[in-house]
Amino acid sequence: MSEGAAKKEERRKFQAIKGTRDLLPPETTLWSRVEQTAQEVFTLYGFGEIRLPIFEETDLFARSIGLETDVVSKEMYTFEDRNETSVSLRPEATAAVCRAYIENDMQQWPQPVKLYTIGPMFRRERPQKGRYRQFYQIDAEVLGGSDSPAIDAELIEMVMTLFDRLGLEGTQLHINSIGDKNCRPKYIELLRAELRKVKDKLGPDSQRRMETNPLRVLDSKLESEHEVIEKLPRISQHLCDTCRENYDQVKRQLALRGIAYTQNFRLVRGLDYYSRTTFEITAKGLGSQNAVCGGGRYDGLMELLGGPPTRATGFAIGQDRLILSLQEAGKTPAPQGRDVYIAWMGEKAYATAIRAAKNLRAAGFTVELPPVEQKFGKALGQAVKLRARYALILGDNEVSSGEWTLKTLATGEQAKFAEGNLLEYLKKNL
RNA sequence: GUGGGAGUAGCUCAGCUGGUAGAGCGUCGGACUGUGGCUCCGAAUGUCGUGGGUUCAAAUCCCAUCUCCCACCCCA
């Protein structure tokens with residue numbers, strides 16, 4: 001390397017990996033608010049938090065999500081650990097939740113076990129609006145117990161309640177049933193057969209999917225294919241009796257809860273483990289990736305992972321998209337202000353200022369204490385820039401008289417307080 | 001993985017058909033060492049995304065490459 005090149009290398013600016021980003025204040029206060037609200041709402045429904053590893057054995061994901069899916073075949077961050085086992089950054093949470101259920105013998109707990117988890121997931125896709133390589137999901141799962149449609153419906157009620165509390169606008173619930181291992185394979189063959197008949201009317205993507213994953217053809221975004229797709233047989237006409245009964249019950253349960261939904265025969269989940277009820281919630285302001293929540297039932301998964309036969313259903317909220325939608329609707333929080341800015345002058349006053357800051361903070365007020373002495377005018381200017389409500393003025397006059405000056409920045413009014421009375425006043429007025 | 005658009009100061013951008021950089025906002029300092037959002041003055045920050053080519057001369061033209069944005073695929 002030449003000297004010039006070395007110098008350049010040295011000065012190289014690091015930047016976040018493609019598809020990852022820094023979340024900064026004040027945006028992060030919105031993230032916290034979303035997470036806190038989720039915790040509150042989920043707690044009301046009896047869910048407990050589970051914290052999971054961010055990476056797992058690759059095989060766990062391969063088996064649960066499906067070897068042939070895009071997620072597993074080309075989107076995982078997979079690497080070899082030093083002991084030569086293949087591990088992967090989690091592309092979703094459900095598989096790990098199931099692993100934890102089995103590993104911790106949760107079938108011994110009162111059933112069903114209701115868990116939620118919040119955290120980053122990783123998929124190596126091309127980033128676009130509402131899609132990142134490190135993205136965040138709020139995930140909830142109901143494991144064990146019965147496969148009562150009431151459970152699916154209550155789960156949906158819970159997520160709708162959360163969105164409602166957050167003020168998410170333009171939400172739309174789409175539901176579908178994709179059958180189970182009895183009726184779905186038969187339907188897929190029927191669908192494939194019908195697709196072959198209209199093959200020449202389909203684009204290259206759909207022609208490929210026709211063989212690999214015929215259900216996905218239904219979800220095609222091409223206008224030109226919609227007419228053909230409308231005429232294809234729908235799975236709702238081909239569900240087995242138990243699945244149809246189940247689906248009807250889910251709809252009835254939603255109606256009982258006053259939850260509006262639209263049936264969407266195009267809604268087919270991409271992950272192998274889903275069966276019967278699937279749902280998706282879309283929201284405003286999201287560009288082409290407009291699903292803010294997706295979920296469904298996956299009764300067979302636990303057994304597939306070596307656990308006892310266990311009913312299960314769950315959903316994942318795309319937190320990035322949820323927040324994007326809130327921001328598009330103008331729900332961006334204001335930058336954090338301060339209750340009190342302490343404008344102090346002189347060494348003697350500084351000791352008093354430190355004491356004042358400590359006591360004010362102990363009482364729960366946000367306080368800015370400038371670390372170095374500033375000209376008085378500048379201090380007040382800083383107070384305004386930091387959006388402080390009050391300036392506490394501490395100079396020689398205040399220290400010698402024991403009467404502190406409190407200035408209300410918005411009005412310019414000032415008043416004197418003895419040290420003890422100041423807290424009283426602020427408690428009443430903040 | 002495929003396609004389209006864009007990269008000039010911290011931010012938003014100007015820079016005509018080549019003559020090696022500017023504005024506004026913001027930041028910091030001063031006017032103004034006990035009274036703030038105004039005003040005025042001043043300063044700092046750019047290898048014009050990066051590398052190469054054409055040219056006496058490139059932010060400007062050509063090629064490559066990287067990054068970001070949007071869309072496809074797929075998914076939250």
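Quick note on labels: first sequence line is chain A, next is B, and so on, each numbered from 1.
Backbone-only contact: A:Gln382 has heavy atoms under 4.0 Å from sugar-phosphate atoms and none from a base. Within the nucleic acid shown, A:Glu398 comes within 4.0 Å of at least one base atom, counting heavy atoms only. When heavy atoms are screened at a 4.0 angstrom cut-off, A:Gly346 is found touching no nucleic acid atom at all. Residue A:Arg209 is classed as a sugar-phosphate contact, given heavy-atom separations below 4.0 Å to backbone atoms only. Across all strands, A:Gly381 comes closer than 4.0 Å only to sugar-phosphate atoms, never to a base (heavy-atom distances). Within the 4.0 angstrom heavy-atom criterion, no nucleotide atom of any strand lies near A:Ala16.
At whole-Å resolution of the value, NZ in A:Lys18 and C1' in B:U65 are 12 Å apart. Counting to the nearest Å, the P atom of B:C66 and the CD atom of A:Gln15 are 13 Å from each other. When the P atom of B:C69 is taken as reference, atom NZ of A:Lys129 falls 11 Å away, rounded to whole Å.
The residue among A:Leu409 and A:Arg123 whose nearest nucleotide of RNA chain B is located toward the 5' end is A:Leu409. Place A:Gly287 and A:Ile317 on RNA chain B by their nearest nucleotides, and A:Gly287 ends up nearer the 5' end.
Separation of the P atoms belonging to B:C13 and B:C72 is 25 Å when rounded to the nearest angstrom. With P as the reference atom, B:C63 and B:U54 are 15 Å apart, rounded to whole Å. B:A6 and B:A59 are spaced 15 Å apart, taking the C1' atom of each and rounding to whole Å.
With respect to A:Arg184 and A:Glu189, no salt bridge is recorded, no charged nitrogen being found less than 4.0 Å from a carboxylate O.
Across all strands shown, B:A43 forms a Watson-Crick or G-U wobble pair with B:U27, both key distances being under 3.5 Å.
Nearest heavy atoms, A:Arg297 versus A:Asp299: NH1-OD1, 2.7 Å.
In the interface, the side chain of A:Glu125 is paired with the base of B:A76 through a donor and an acceptor atom under 3.5 Å apart. Residue side chain A:Arg131 reaches the base of B:C74 through a donor-acceptor N/O pair under 3.5 Å, judged by distance alone.
Between A:Thr69 and B:C74 there is no side-chain polar atom (N or O) within less than 4.0 angstrom of OP1 or OP2.
Ring planes of A:Tyr77 and A:Phe122: perpendicular class, angle over 60° (limits at 30 and 60°).
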